[in-house]
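Below is one structure; the comments refer to it alone.
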Amino acid sequence: MLVMKFGGTSVGSVEAFAQVATIVADKMAEQTRTTTTRPGVAVVTSAMSGVTNMLIEAARRAAQGDEEFYQEIENSLRVKHQSVVGQFIDDGAERAALGRVFEQRLQEFSRLCSSITVLGELTNRGLDVVSGLGERLSAPLLAAVLRANGVPAEYVDATEIVVTDNVFGGAAPLLAETTERTLPRLLPMVEKGIVPVVTGFVGATVDGIPTTLGRGASDYTAAIIGAVLDADEIQIWTDVNGVMTADPRIVSNARSLNQLSYEEVAELAYYGAKVLHPQTVTPAVEKKIPIRVLNTFEPSHPGTRIVDRRDTPSSGTVKAITSIRGMNLVTVGGRGMIGVPGIAARTFSAVATMGANVLMISQSSSEQSICFVVPEASAPTVINALRAEFKTELERHYIDQIDGHADVAIIAVVGSGMRGTPGLAASIFQAVGSHSINVIAIAQGSSEANVSLVVEAARAADAVRAIHDIFELHKPTSERIKTA
Ligand code: ADP
Ligand code: ASP
Ligand code: MG
């Protein structure tokens, strides 16, 4: 059994829908031909590309009183989805039914935006309802396109099966409840040879209030469904040939990687590799379900297989480089900190109280400062909380610096073969140094699968390219001179 997730570009145009229909039909045929015990396919889809951004922008503008913009968006959403209908759906009843679904969703969108305008405020809860509409338009459409191409398929709204907590904008699934609702809904369909087409990204609380799992989280939905169904493989169909040595938009000669471990992919995704949502591996790890990242526009390419560390050969050291921008490096420093226990604990408990996500920590060996990286948006509250926590120490000059360095990026160099390999840090410094890129801070993750550095955001792309070059990641592993 396979769970196949199609991303925004994979359902972004008439041509893309045609590709997806062929891919799903082929996989269905392959499943019945070759799989022994449990054949079948379940599909998870994103919104058509650009749609989630349009919905969010419309809701934001509505909160500022702009009523025209959301009406324009409503029209372009209608045109965008109807153009696919026009191309694929000949059956009159199917067309009419889809038309009704679209109009219902679009009316909901316009009603929601209108009430946001009246309130003059956009809450995370309200935003989740609006931003989840994209998948609730694309999934019924994809199900109909599959049927029109001879694949039995049925639309499933994930708000009915993916149960989450109520952290709007980034909800976490409740696995027991999700399993309880998903299995009886999806399994009988899959077993009958019907492809359920499930909305990615969205869920609902136990009380049925709509939530989203966070931007880019349709991958996560696929992994959740894959784990619940105990799929043989979770396939993430996107617009590149798998996970690459770097973002091909930054490094033009990046190569695709055949195989990675869950751990390596989690590090890459966490530090900005958009190709997979950072939570995607979580549901897959426990059941050891392989994840494969594939290209909708080059389906014959084997892509990247993501499996347990013990099943991946540890050849090569550095596997990939990634970067994440929009960060702030906060420093707590002062000579009075030396040898004083508890400063780090108080620092991080103050940060935790603010609910900020710390992406990297680095402490100088002299203990004169602690630096850590948080998203730019959390920096002001974090700095204020620290100044309040250390008010006395600041007055006595035990601590004389609590401030943030804005506009930085974290560069992460990832590969589990880096464990215990000497000289790696030296090569990384040589690479960035030779391009006059200043390294503001450095840290090695305890997993040793990652060395991270902080640089000015404006130099992030140069740093990624320089490190990619020095490790010759554009070449196959066997041809690389430098292995450290
Ligand atoms: P989808 O809409 O299919 O979910 P995304 O845009 O979310 O696709 O993710 C795919 C994009 O991720 C690629 O087009 C690529 O630019 C970007 N990306 C960033 N880092 C990497 C990487 N290491 N390997 C492959 N793609 C990457
Ligand atoms: N449509 C959602 C987003 O753009 C989820 C996804 O594409 O994975 O964030
Ligand atoms: Mg994505």
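Whatever order the structure lists ligands and atoms in, that order sets their numbers, starting from 1. The structure displayed is predicted, hence computed values, not measured ones.
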Requested in this report: Have a look at Val414, Thr52, Val275 and point out the one with the heavy atom closest to atom 26 (N) of ligand 1.
Outcome: Val275
Query raised in the report: Strictly under 4.0 Å, does any heavy atom of Ala217 approach an atom of ligand 2?
Result: yes
Query raised in the report: So, Arg78 and Glu103, do they make that salt bridge, N to O below 4.0 Å?
Result: yes
Requested in this report: Return the residue, atom name and 0.1 Å-rounded distance of the protein heavy atom closest to atom 11 (C) of ligand 1.
Outcome: Asp239 OD1, 4.0 Å
Query raised in the report: What protein heavy atom is closest to atom 6 (C) of ligand 2, reported as residue, atom name and distance in Å?
Result: Ser218 OG, 3.4 Å
Report task. Heavy atoms only: give me the nearest Glu154-Ala143 pair and the separation to one decimal. Result -> C-CB, 4.1 Å
Report summary line: Closest to atom 4 (O) of ligand 2 among protein heavy atoms sits Arg215 NH2, 3.0 Å
Query raised in the report: Going by the order shown, which atoms of ligand 2 are within less than 4.0 Å of some heavy atom of Thr52?
Result: 1 (N), 2 (C), 3 (C), 4 (O)
Query - N/O separation below 3.5 Å, Gly216 to ligand 2 - result: yes
**Report entry** From Arg185, Arg181, Arg136, residue fulfilling salt bridge (charged side-chain N to carboxylate O under 4.0 Å, His left out) relative to Glu160
**Finding:** Arg185
Query raised in the report: Within less than 4.0 angstrom of ligand 2, does Gly134 place any heavy atom?
Result: no
Requested in this report: Consider ligand 1: state whether an atom of it lies below 4.0 angstrom from any non-hydrogen atom of Ser46.
Outcome: no
Query - Option with minimal heavy-atom separation from atom 18 (N) of ligand 1, where the choices are Ile250, Asp247, Thr238 - result: Asp247
**Report entry** Mode of Pro248 contact toward ligand 1 - side chain, backbone, both, neither (heavy atoms, under 4.0 Å)
**Finding:** side chain
Query raised in the report: Please state which protein non-hydrogen atom is closest to atom 2 (O) of ligand 1 and give its distance, to 0.1 Å?
Result: Gly8 N, 3.0 Å
**Report entry** ligand 1 atoms in contact with Val243 (distance to a heavy atom under 4.0 Å)
**Finding:** 24 (N)
Report task. Please write down residue, atom name and distance for the protein heavy atom closest to atom 25 (C) of ligand 1. Result -> Gly242 O, 3.4 Å
Query raised in the report: Does a donor on one side chain and an acceptor on the other come within less than 3.5 Å for Ser131 and Thr212?
Result: no
Requested in this report: Let me know which of Ile236, Val265, Val243 forms a side-chain contact (heavy atoms from CB on, under 4.5 Å) with Ile291.
Outcome: Ile236
Query raised in the report: With side chains defined as the heavy atoms from C-beta onward, is the minimum distance between Ile234 and Lys5 less than 4.5 Å?
Result: no
Requested in this report: Kindly determine whether Asn253 and Arg465 satisfy side-chain hydrogen bond (donor to acceptor under 3.5 Å, both in side chains), including the steps that lead there.
Outcome: CA-CA 10 Å; Asn253 59 2; Arg465 285 189 281 264; over 6 Å; no
Report task. Look at atom 6 (O) of ligand 1 and find which of Arg249, Lys5, Lys319, Lys274 reaches it with the closest heavy atom. Result -> Lys274
Query raised in the report: Hey, does the side chain of Ser110 reach the backbone of Leu106 with a donor-acceptor pair shorter than 3.5 angstrom?
Result: no
Query raised in the report: Going by the order shown, which atoms of ligand 1 are within less than 4.0 Å of some heavy atom of Ala273?
Result: 20 (N)
Requested in this report: Say whether Thr245, considering both its backbone and side-chain N or O atoms, lies within less than 3.5 Å of an N or O atom on ligand 1.
Outcome: no
Query raised in the report: To which protein heavy atom is atom 7 (O) of ligand 2 closest, and what is the distance rounded to 0.1 Å?
Result: Ser46 OG, 3.1 Å
Query raised in the report: Are the charged groups of Asp128 and Arg125 less than 4.0 angstrom apart, N to O?
Result: no
Query raised in the report: What is the distance from atom CZ of Arg325 to atom CD1 of Ile411, rounded to the nearest 0.5 Å?
Result: 9.0 Å
Query - Non-hydrogen atom of Glu135 closer than 4.0 Å to ligand 2 - result: yes
Query raised in the report: Any sub-3.5 Å donor-acceptor pair from Asp207's side-chain atoms to Ile209's backbone N or O?
Result: no
Report summary line: Here the atoms of ligand 2 under 4.0 Å from any heavy atom belonging to Phe201 are 2 (C), 5 (C)
Query raised in the report: Counting only heavy atoms not in Asp26, do more than 12 sit closer than 6.0 Å to its CG atom?
Result: yes
Query - Salt-bridge present (Lys27, Glu30; N to O < 4.0 Å) - result: yes
Report summary line: If you scan protein heavy atoms around atom 24 (N) of ligand 1, the nearest is Met244 N, 2.8 Å
